[in-house]
Trainee: 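Have a look at the structure that comes next, please.
Only this structure's heavy atoms are used, side chains among them; waters, hydrogens and symmetry mates stay out. In what follows, every chain begins at residue 1, and chains take the letters A, B, ... in the order their sequences are listed.
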Amino acid sequence: MSGERFAERVHALVARIPSGNVATYGDLAAYAGRPRAARQAGYAMHRCPPGLPWHRVINAQGRLSVAAGSTAWLTQRRRLEEEGVVFMGGRIELARYRWAGPNED
DNA sequence: ACTGTGACACAGG
DNA sequence: CCCTGTGCCACAG
């Protein structure tokens, strides 16, 4: 566990986010034991291995952190909406969909 | 070992 | 609402 790479812990956490829920980069960093490494969680997601529900990771403002209009952006938004997540003014209501963490799932 | 980087976060203005 | 500056820190080269 301790020798595990931070990015691997983040990826393992992403795999556990339930459908219909989302987690911010800061949340993932905190759940991974590094509360101030949100930026690094973003780095880890940029290099996200295939097969993970990466679309459930957004920023603290309830917005998607990929380039707006890009195919990735379209895919992320479509997948979230398919899971029941509602966008209002390009944002989602975090308080409503935020994943409570690995100890609550 | 050191440096630049970045799918972040938050406080200001 | 937008934009800017600052703190942050694991990771790649």
Trainee: If we ignore hydrogens and angles and just use 3.5 Å, is the side chain of A:H11 paired with the main-chain N or O of A:A7 as donor and acceptor?
Mentor: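 Looks like yes, one N/O pair under 3.5 Å.
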Trainee: Please report the closest heavy-atom contact between A:A72 and A:V66, naming both atoms and the distance.
Mentor: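 For A:A72 versus A:V66, the nearest heavy atoms are C-CG2, 4.2 Å.
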Trainee: Of A:Q40 and A:T24, whose nearest nucleotide on DNA chain B comes first from the 5' end?
Mentor: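 Mapping each residue to its closest nucleotide by heavy atoms, the 5'-most match is A:Q40.
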Trainee: Shortest non-hydrogen contact from A:V14 to A:P53?
Mentor: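 Residues A:V14 and A:P53, closest heavy atoms: O-CG, 3.2 Å.
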Trainee: Not counting sequence neighbours, which residues clear salt bridge (Lys or Arg N to Asp or Glu O under 4.0 Å) with A:R78? List them please.
Mentor: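 For A:R78 the salt bridge (Lys or Arg N to Asp or Glu O under 4.0 Å) partners, ignoring immediate neighbours, are A:E82.
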Trainee: Of the non-hydrogen atoms in A:G42 and A:Y25, which two are nearest, and what is the gap between them?
Mentor: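 Closest approach of A:G42 to A:Y25: CA-CD2, 3.6 Å.
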Trainee: Flag the pair A:V57 / A:I17 as yes when at least one side-chain heavy-atom distance between them is below 4.5 Å, and no otherwise.
Mentor: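 Side chain of A:V57 against side chain of A:I17, heavy atoms only: contact under 4.5 Å found.
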Trainee: With a 4.5 Å limit on heavy-atom distance, are the side chains of A:N21 and A:R56 in contact?
Mentor: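 The answer is no; the side chains never approach within 4.5 Å.
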Trainee: What is the minimum heavy-atom distance between A:L52 and A:A15, and which atoms define it?
Mentor: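 Heavy atoms only, the tightest pair is CD2-CB, 3.6 Å.
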Trainee: Tell me, please, which residues at least two apart from A:H55 pass side chain to side chain donor-acceptor pair (under 3.5 Å).
Mentor: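 Partners of A:H55 under the side chain to side chain donor-acceptor pair (under 3.5 Å) test: A:E83.
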Trainee: I'd like to check the side-chain contact (heavy atoms from CB on, under 4.5 Å) partners of A:Q61; sequence neighbours left out, ordered by chain and number.
Mentor: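 side-chain contact (heavy atoms from CB on, under 4.5 Å) check on A:Q61 returns A:N59, A:R63, A:R91.
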Trainee: Using a cut-off of strictly less than 4.0 Å between a heavy atom of the residue and any atom of DNA chain B, enumerate the qualifying residues of residues 25-35 of chain A by number.
Mentor: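 By residue number: A:Y25, A:G26.
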Trainee: Contact boundaries of DNA chain C with chain A (under 4.0 Å, heavy atoms), 5' to 3'?
Mentor: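 In short, chain A contacts DNA chain C from C:dG7 to C:dA12.
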Trainee: Kindly state which residues belonging to residues 46-71 of chain A come within less than 4.0 angstrom of DNA chain B, counting heavy atoms of the residue only, listed by number.
Mentor: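 Only A:H46, A:W54, A:N59, A:A60, A:S65, A:V66 qualify.
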Trainee: So which atom in A:A38 and which in A:A29 form the shortest heavy-atom distance, rounded to 0.1 Å?
Mentor: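 Looks like N-CB, 3.7 Å.
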Trainee: Show me the pairs that pass ring-ring contact (aromatic ring centres under 6.0 Å, His included) and involve residues 56-104 of chain A, at least two apart or across chains.
Mentor: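 Sorted result for residues 56-104 of chain A: A:Y31-A:W99.
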Trainee: A side-chain contact here means heavy atoms from C-beta on lying under 4.5 Å apart; do A:I58 and A:L94 qualify?
Mentor: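 Contact flag for A:I58/A:L94 side chains = yes.
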Trainee: For DNA chain C, just give me the dot-bracket, please: Watson-Crick or G-U, both distances below 3.5 Å, ( ) intra-strand, [ ] crossing earlier pairs, | paired with another strand, . unpaired.
Mentor: .||||||.|||||
Trainee: Tell me which of A:Y43 and A:R91 sits closer to the 5' end of DNA chain C, going by the nucleotide each one is nearest to.
Mentor: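 Nearest nucleotide further toward 5': that of A:R91.
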Trainee: Check nucleotides 11-13 of chain B for protein N or O atoms closer than 3.5 Å to its own N or O atoms and list the pairs.
Mentor:
none

Trainee: Determine whether A:L80 and A:L64 make a side-chain contact, defined as any pair of heavy atoms from C-beta on separated by less than 4.5 Å.
Mentor: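 Heavy-atom side-chain distance check passes, below 4.5 Å.
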Trainee: So, for A:A32 and A:L13, which heavy atoms are closest and what is the spacing to 0.1 Å?
Mentor: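 Here A:A32 and A:L13 meet closest at N-CD1, 3.7 Å.
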Trainee: Strictly below 4.0 Å, heavy-atom distances to any atom of DNA chain B: list the hits from residues 82-90 of chain A, or just say none.
Mentor: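 The answer is none.
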Trainee: Tell me every residue that passes side-chain contact (heavy atoms from CB on, under 4.5 Å) with A:Y43, counting only those two or more places apart in sequence or in another chain.
Mentor: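 Per chain and number, A:Y43 pairs via side-chain contact (heavy atoms from CB on, under 4.5 Å) with A:Q40, A:R47.
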Trainee: Run the salt bridge (Lys or Arg N to Asp or Glu O under 4.0 Å) test against A:R36 and tell me which residues pass, sequence neighbours left out.
Mentor: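 Here no residue qualifies.
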